[in-house]
Amino acid sequence: MTNYKLDDAKKEELVEMLRDSLRLPGDIDAKLLNMYVLSSVQYVLNSINDEQTFDAVVASDLFNFVVVDYATLLYSNRGGVNVPITDNIKSALLQLNSYGY
């Protein structure tokens with residue numbers, strides 16, 4: 001488990017991207033969206049092989065994509081027990097690991 005601390009500006013950017021992805025107005029489910037973004041960030045960073053590259057990974061557009069995509073998946077399946085990881089998320093995680101940041 002990683003202890004990486006996401007700065008507030010980056011977290012807000014990801015929450016807004018998630019809100020746009022889900023097409024939610026205003027501050028509907030703001031607390032829930034924050035939780036999903038933070039969970040998604042931890043999920044992505046836990047899949048990265050080298051903790052020394054976290055800052056470079058977090059700065060990448062691919063990181064934004066996979067965090068928002070995974071958070072969207074969590075939000076869309078919030079009543080489900082098992083959330084299947086989609087192929088595009090798996091692919092993006094593999095790409096993040098292979099870039100050698």
Side-chain angles (χ1 to χ4, degrees):
M1 186 77 171
T2 180
N3 292 326
Y4 188 86
K5 175 81 169 102
L6 195 65
D7 66 58
D8 289 337
K10 182 69 171 184
K11 183 177 79 171
E12 288 304 315
E13 174 189 4
L14 290 168
V15 168
E16 281 306 309
M17 291 172 75
L18 176 58
R19 185 179 308 287
D20 290 345
S21 172
L22 296 169
R23 296 185 174 133
L24 295 175
D27 37 339
I28 293 176
D29 290 336
K31 193 172 185 178
L32 185 63
L33 295 181
N34 277 307
M35 183 183 69
Y36 285 144
V37 164
L38 292 177
S39 295
S40 297
V41 166
Q42 291 303 310
Y43 180 82
V44 172
L45 292 179
N46 283 332
S47 72
I48 303 300
N49 294 329
D50 184 7
E51 289 187 18
Q52 303 301 317
T53 64
F54 281 177
D55 288 329
V57 168
V58 169
S60 74
D61 289 335
L62 187 56
F63 174 82
N64 293 348
F65 166 77
V66 74
V67 166
V68 170
D69 199 27
Y70 187 65
T72 300
L73 179 70
L74 291 174
Y75 186 88
S76 299
N77 292 289
R78 60 191 176 279
V81 176
N82 292 329
V83 178
I85 304 303
T86 60
D87 288 340
N88 54 332
I89 293 173
K90 290 176 190 175
S91 174
L93 291 174
L94 288 171
Q95 289 174 50
L96 282 173
N97 273 304
S98 67
Y99 279 162
Y101 285 100

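In what follows, every heavy atom counts, from backbone to side chain, and hydrogens, waters and symmetry copies are set aside.
A single hydrophobic cluster is not seen to contain both L94 and L62; linkage of ILVMFWY side chains at heavy-atom distances under 4.5 Å, directly or through other members, places them apart.
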Side-chain donor-acceptor pairs of residues 8-15 under 3.5 Å, sequence neighbours excluded:
unit_1	atom_1	unit_2	atom_2	d
K10	NZ	V58	O	3.1
K10	NZ	N64	OD1	2.6

I'd like a table of donor-acceptor pairs (distance under 3.5 Å, sequence neighbours excluded) in which one partner is a side-chain atom from residues 34-41, with atom names and distances.
unit_1	atom_1	unit_2	atom_2	d
N34	ND2	A30	O	3.0
S39	OG	M35	O	2.9
S40	OG	Y36	O	2.8
S40	OG	A71	N	3.2

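Between the OG atom in S91 and the CG atom in D69 there is a gap of 10.5 Å [rounded to 0.5 Å].
Of all heavy-atom pairs between I89 and Y70, the closest is CD1-CA, 3.7 Å. When all heavy atoms of L73 and P84 are compared, the pair lying nearest together is CD2-O, 3.2 Å. Residues V57 and F63 approach most closely at O-CB, 3.0 Å, considering heavy atoms. Smallest separation of non-hydrogen atoms from S47 and L93: OG-CD2, 3.2 Å.
The side-chain hydrogen bond (donor to acceptor under 3.5 Å, both in side chains) check on T86 picks up N88, with sequence neighbours excluded.
L96 places none of its side-chain heavy atoms less than 4.5 Å from the side chain of F65.
Using a distance-only test at 3.5 Å, with no hydrogens or angles considered, a donor-acceptor pair links the side chain of T72 to the main chain of V68. A donor-acceptor contact shorter than 3.5 Å links the side chain of R78 to the backbone of Y75.
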Check step by step if side chain to side chain contact (heavy atoms under 4.5 Å, CB included) holds for L24 and L33. CA-CA 10 Å; L24 295 175; L33 295 181; 4.1 Å; yes
